[in-house]
Amino acid sequence: MKLLWLAFLTVMIAGCAPSNVNRNNGPSEAYVDLKPYSFSGNSVVYNSPEELVKKINALGGPQKEFETNSEYSKRISSIGLSAVLSEVKDYQIEFDKDTGKLQFRSSMEDAQGFGFRPDNARFSDYKNAYYTIWLPEVERYKGEFVGQNAYGATANVDKVELDRIYIVLPKVQKNSLRLMFVSMISDMNISASDFKAQRNDLRLAIKFLPEPNFVQLSTRHSNATLSNKREATVNNYFLSAKIAEVSIINIKTNKIVSSGFKLQFKTH
């Protein structure tokens, strides 16, 4: 099946047209080039996901049950074009042992699977997918207590609170006949040895433009288990936005160390 529909969908996501489209009846893929991150002062920069969460909560957080759309828009409007910097994790970097080159890769899932509901609807939108960039979570230790199971066994249980930020892209219509896999990828323009030397100073920099109904919060709780002695409260922050620019940068030198980000769409 041809991927002509991707042209429309990816323009809606990132304002770019897809390239390198393989059009056939077998597995197909297409790419959307993303603009590189710019260090211009036209956006507010949050140096970590934690800083962005603090700003959102300082403005009152998600829309309240009895808050009108205009009231909410006025309250949250100070978050305009923004950039968030997050740590680059080892699991996001792939090393090619034949060429010695590095590549960043982050899988993008449908945010509805994590609790996102478009326009705060009660149910999932089964006709569309809302692909998301998942930033590294923020964990806060809240103390510990002694837990006991039904058999009388006791153990010390850590109590933690986790904040997870999902940057949710505009909807993409699902094709019920084919599975879609989406990733955000970029080759690195530094060597493996340079990466090791700079890794503490590298950040994934994402500049984004908020959409209406920008913030949605879904809170979940999980109890301790035999293998995981933690009781956790998980706050999922879903930020509906369009992606403006993406790069991996060195925060000490203000240099870009990625060679160009793309959204990769693959069907099977």
Between Phe104 and Ser258, does a side chain to side chain contact (heavy atoms under 4.5 Å, CB included) hold up when you go through it step by step? CA-CA 8 Å; Phe104 175 95; Ser258 53; over 6 Å; no
Verify side chain to side chain donor-acceptor pair (under 3.5 Å) between Glu109 and Ser107, making sure each step is shown before the conclusion. CA-CA 7 Å; Glu109 308 291 340; Ser107 176; 3.0 Å; yes
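Comment: Glu71 does not engage Lys64 in a salt bridge, judged by the lack of any side-chain N to carboxylate O separation of less than 4.0 angstrom. Using a 4.0 Å cut-off between charged side-chain N and carboxylate O, Lys101 and Asp96 make no salt bridge. Taking the charged nitrogens against the carboxylate oxygens, Glu245 and Lys35 have no contact shorter than 4.0 Å, which rules out a salt bridge. Ion pairing of Arg117 with Asp125 is absent here, as no side-chain N (NZ or NE/NH1/NH2) approaches a carboxylate O to less than 4.0 Å.
For Asp110 (side chain) and Tyr130 (main-chain N/O), a donor-acceptor pair under 3.5 Å exists by modelled atom type.
Other residues, nucleotides and ligands place more than 12 heavy atoms under 6.0 Å from the CG atom of Asn254. The number of heavy atoms from other shown groups lying within 6.0 Å of OH (Tyr91) is above 12.
If you take CG on Leu135 and OH on Tyr46, they are separated by 13.5 Å, rounding to the nearest 0.5 Å. The NZ atom of Lys89 lies 12.0 Å from the CG atom of Leu204; values are rounded to the nearest 0.5 Å.
Judged purely by distance below 3.5 Å, without hydrogens or angles, the side chains of Ser38 and Lys207 pair a donor atom with an acceptor atom. Counted by atom type alone, Gln264 and Arg105 present one or more donor-acceptor pairs between their side chains at under 3.5 Å.
Residues Ser186 and Gly260 approach most closely at OG-O, 3.3 Å, considering heavy atoms. Here the closest non-hydrogen pair linking Ser106 and Gln92 is OG-NE2, 4.2 Å.
Using a 4.5 Å heavy-atom threshold, the side chains of Met180 and Phe265 count as touching. Between Ile243 and Ile167 the shortest side-chain heavy-atom distance falls below 4.5 Å.
A single hydrophobic cluster is seen to contain both Val53 and Leu217, as judged by linkage of ILVMFWY side chains at heavy-atom distances under 4.5 Å, directly or through other members. Note: the hydrophobic cluster containing Val45 also contains Ile249 (ILVMFWY, side chain heavy atoms under 4.5 Å, direct or indirect links). Neither Trp134 nor Leu34 shares a network with the other; the hydrophobic side chains, linked directly or stepwise wherever heavy atoms of I, L, V, M, F, W or Y lie under 4.5 Å apart, form separate groups for each.
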